[in-house]
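Structure, as structure tokens:
These numbers were taken from a predicted model, which means no experiment stands behind them. Values reported hereafter were calculated over all heavy atoms of this structure, with side chains retained and with hydrogens, waters and symmetry mates removed. Quick note on labels: first sequence line is chain A, next is B, and so on, each numbered from 1.
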Number of protein chains: 2
Amino acid sequence: MVGIDEVARHAGVSTATVSRALSGNGPVSPATRLKVEASAGELGYVVSSTASSLASGRMKNIGVVVPFLDRWFFSSVVEGAQRALLRNGYDLTLYSLTGGKAERRSVFEHFLLRQRVDAVISISLELTEGEVARLHALEKPLVGVGGPIQGVRTLTVDDVAIAQHATEHLLALGHTRIAHLGGNKDLDLDFHLPTNRRVGYERALEAAGIAPDPALFMAADFTMRGGYQAAKQLLGSPHNRPTAVFAASDEMAIGTILAARDLGLVVPRDVSVVGVDDYDLADFFGLTTIAQFPQGQGESAVEILLDQLRPGQNQLTDLNTPMPFELLVRSSTARPGE
Amino acid sequence: MVGIDEVARHAGVSTATVSRALSGNGPVSPATRLKVEASAGELGYVVSSTASSLASGRMKNIGVVVPFLDRWFFSSVVEGAQRALLRNGYDLTLYSLTGGKAERRSVFEHFLLRQRVDAVISISLELTEGEVARLHALEKPLVGVGGPIQGVRTLTVDDVAIAQHATEHLLALGHTRIAHLGGNKDLDLDFHLPTNRRVGYERALEAAGIAPDPALFMAADFTMRGGYQAAKQLLGSPHNRPTAVFAASDEMAIGTILAARDLGLVVPRDVSVVGVDDYDLADFFGLTTIAQFPQGQGESAVEILLDQLRPGQNQLTDLNTPMPFELLVRSSTARPGE
DNA sequence: ATGAAAGCGCTAACAG
DNA sequence: CTGTTAGCGCTTTCAT
């Protein structure tokens with residue numbers, strides 16, 4: 001392994017100059033910079049990140065914590081974050097908390113504390129006060145994606161608005177019997193996401209002068225199977241059947257489409273379906289949905305973090321940054337009876 | 001940040017002893033070990049990984065390189081690896097190569113070389129000789145998952161055997177007109193995986209005395225949509241229609257099931273379908289498949305790597321470790337006409 | 001089993 | 001703009 005002094009000797013300068021030239025911190029004349037870069041290239045020198053970190057206190061490394069990795073949404077956010085970090089010369093250290101309580105504790109009480117990361121991105125995790133306090137004690141920036149956290153900078157989509165938007169789309173098509181497939185309370189990963197989406201749904205109905213009908217609400221678990229089963233019940237009896245369904249996730253929405261088919265119903269003629277996410281398979285199933293952009297969320301989280309890491313600029317803007325969403329009309333929605 | 005000397009003072013020992021007690025390297029009497037652990041706990045001491053790494057040369061960190069993250073298979077392998085690493089006190093630094101050539105170069109020529117990782121796991125990547133050489137030059141262990149790499153320890157499933165198994169299942173049910181949905185040559189990420197699976201399929205047919213019929217092979221792109229479109233053609237004309245389809249991925253298999261439905265065919269009465277992977281949604285669609293265990297593959301890769309990192313034991317066993325697979329019979333296969 | 005002390009390879013004052 | 005030098009916080013000989 002060739003070290004900094006070897007480069008210094010080769011370029012005929014001091015190690016300090018090599019450090020400055022290569023890192024861009026501190027003044028170096030263009031000429032020497034070139035000389036140093038040439039020497040470094042020639043010798044194949046790559047800075048030892050451990051030595052550099054120990055001396056400077058900067059790790060060039062961000063910790064990313066997710067509840068699961070094998071779900072499209074999370075892995076997409078991580079992928080976006082990874083790309084943005086790479087561009088900026090940062091590494092991404094991943095912590096997936098699938099293992100439960102013990103694993104989570106070990107991550108927060110040990111792994112994140114060993115001075116390995118400059119900052120932490122927490123995705124769809126409702127951090128406890130203790131966890132936030134620990135991270136704050138390290139003076140490490142922290143940004144949350146996916147929901148508000150007490151005293152933490154976050155990026156979130158407005159779930160109420162999303163649900164309202166989706167429901168309004170159905171209302172605008174002329175639907176009045178609109179069902180909602182939401183979640184049960186124990187999906188606590190997700191900051192009352194089910195509740196927020198239900199609120200948005202009800203708000204849209206009320207604004208249109210329609211009283212939400214409890215019989216048109218069903219709770220499921222956000223999966224395709226859950227959506228399928230719930231939709232079977234919802235659409236099963238011909239009498240009082242809704243003409244449209246707003247599902248709080250694309251997976252449930254696709255489950256609904258499949259259930260409708262199995263019941264001999266034609267989508268969208270007999271029933272319109274809207275989802276949320278623009279999941280992987282939404283396009284294939286022709287699903288109208290509200291797209292979120294998880295990769296973009298990952299990238300934005302990184303931008304904000306890196307901004308915070310740059311010295312000097314502690315612009316105390318709003319704690320929360322709203323993320324964009326967009327209605328994508330495909331073939332699963334139409335005017336009732338069309 | 002409380003440091004090692006503070007702990008040493010509190011426990012009334014030297015920093016060397018604290019280091020030994022907490023790391024488990026070197027002899028420490030049980031009594032002092034307990035004392036040190038108590039002090040460390042009380043003071044909330046966590047070792048600084050950078051200082052520790054610089055002094056010891058060990059990073060306690062593994063680099064994992066994947067071509068994509070937002071696909072079920074890859075994120076599952078990563079998740080498995082992550083869990084195994086966490087158990088062993090290791091961090092996982094993720095490099096997802098979605099960005100193309102430039103990104104890949106920057107990862108292999110810069111990121112992986114800065115002494116940040118003790119070893120590298122490469123998932124479903126056919127590494128170039130140059131990339132392997134670079135990694136070897138660092139004297140870092142390297143293990144590949146998903147395909148053979150020249151001179152590198154790898155974990156792979158036997159794709160020929162998998163395909164043969166799947167086809168034999170259909171043969172055993174009495175099918176003789178068995179189609180195969182494979183891949184085109186440009187899925188080069190995956191070590192000739194399409195070819196291998198096709199070979200296994202043909203081998204099984206030939207062993208049963210059936211000549212593979214080129215008209216019963218279709219290439220697609222391993223996605224649900226691709227499978228759907230290919231299956232539409234394959235199953236479209238009633239004359240000479242196959243009674244069974246072996247798809248080289250679960251996503252194509254599910255596409256096939258959906259295509260069959262849309263053609264008015266009943267699965268498995270009119271056509272049996274087998275896939276490969278035991279993907280997320282396979283169970284929901286009742287798909288018979290050959291399960292691979294991606295999380296297990298990730299964990300195994302870690303075990304092997306960690307073993308290699310432990311000094312002394314350079315057991316030069318086989319370069320390749322075969323990974324298990326298993327036929328999962330669900331409701332998408334049956335005797336022809338049943 | 002324990003302590004003293006010499007680095008690990010780089011960065012950041014400080015001086016010039 | 002550049003060089004000198006003192007650490008960064010641990011680990012690890014080498015003594016004891």
Please table the atom pairs, donor to acceptor, closer than 3.5 Å between any side-chain atom in residues 130-145 of chain B and protein atoms at least two apart or in another chain.
unit_1	atom_1	unit_2	atom_2	d
B:E131	OE1	B:R104	NH2	2.9
B:E131	OE1	B:T128	N	3.0
B:E131	OE1	B:T128	OG1	3.4
B:E131	OE2	B:R104	NE	2.9

Quiz item: Taking the six-membered ring of B:F68, is the NZ or CZ of B:R71 close enough (under 6.0 Å from the centre) and on axis enough (within 45°)?
Solution: yes

Quiz item: Between A:L309, A:V120, A:V117, A:L94, which is the residue that forms a side-chain contact (heavy atoms from CB on, under 4.5 Å) with A:I62?
Solution: A:L309

Quiz prompt | Backbone of B:G80 reached by a side-chain donor or acceptor of B:E299 within 3.5 Å | solution = no

Self-check item: Whole angstrom value for the distance that separates P of D:dG9 from CZ of B:R9
Solution: 13 Å

Quiz item: Starting at CE of A:M59 and ending at C1' of D:dC8, how long is that distance when rounded to a whole Å?
Solution: 10 Å

Self-check item: Nucleotide C:dA1, atom C1' - distance to NZ of B:K35 in whole Å
Solution: 11 Å

Self-check item: Base versus backbone protein contacts along nucleotides 6-16 of chain C [heavy-atom cut-off under 4.0 Å; B, S, -]
Solution: -BBBBBBB---

Quiz item: Restricting to pairs with a member in residues 8-24 of chain A, which pass side chain to side chain donor-acceptor pair (under 3.5 Å), not counting sequence neighbours?
Solution: A:S14-A:T17, A:S23-A:N25

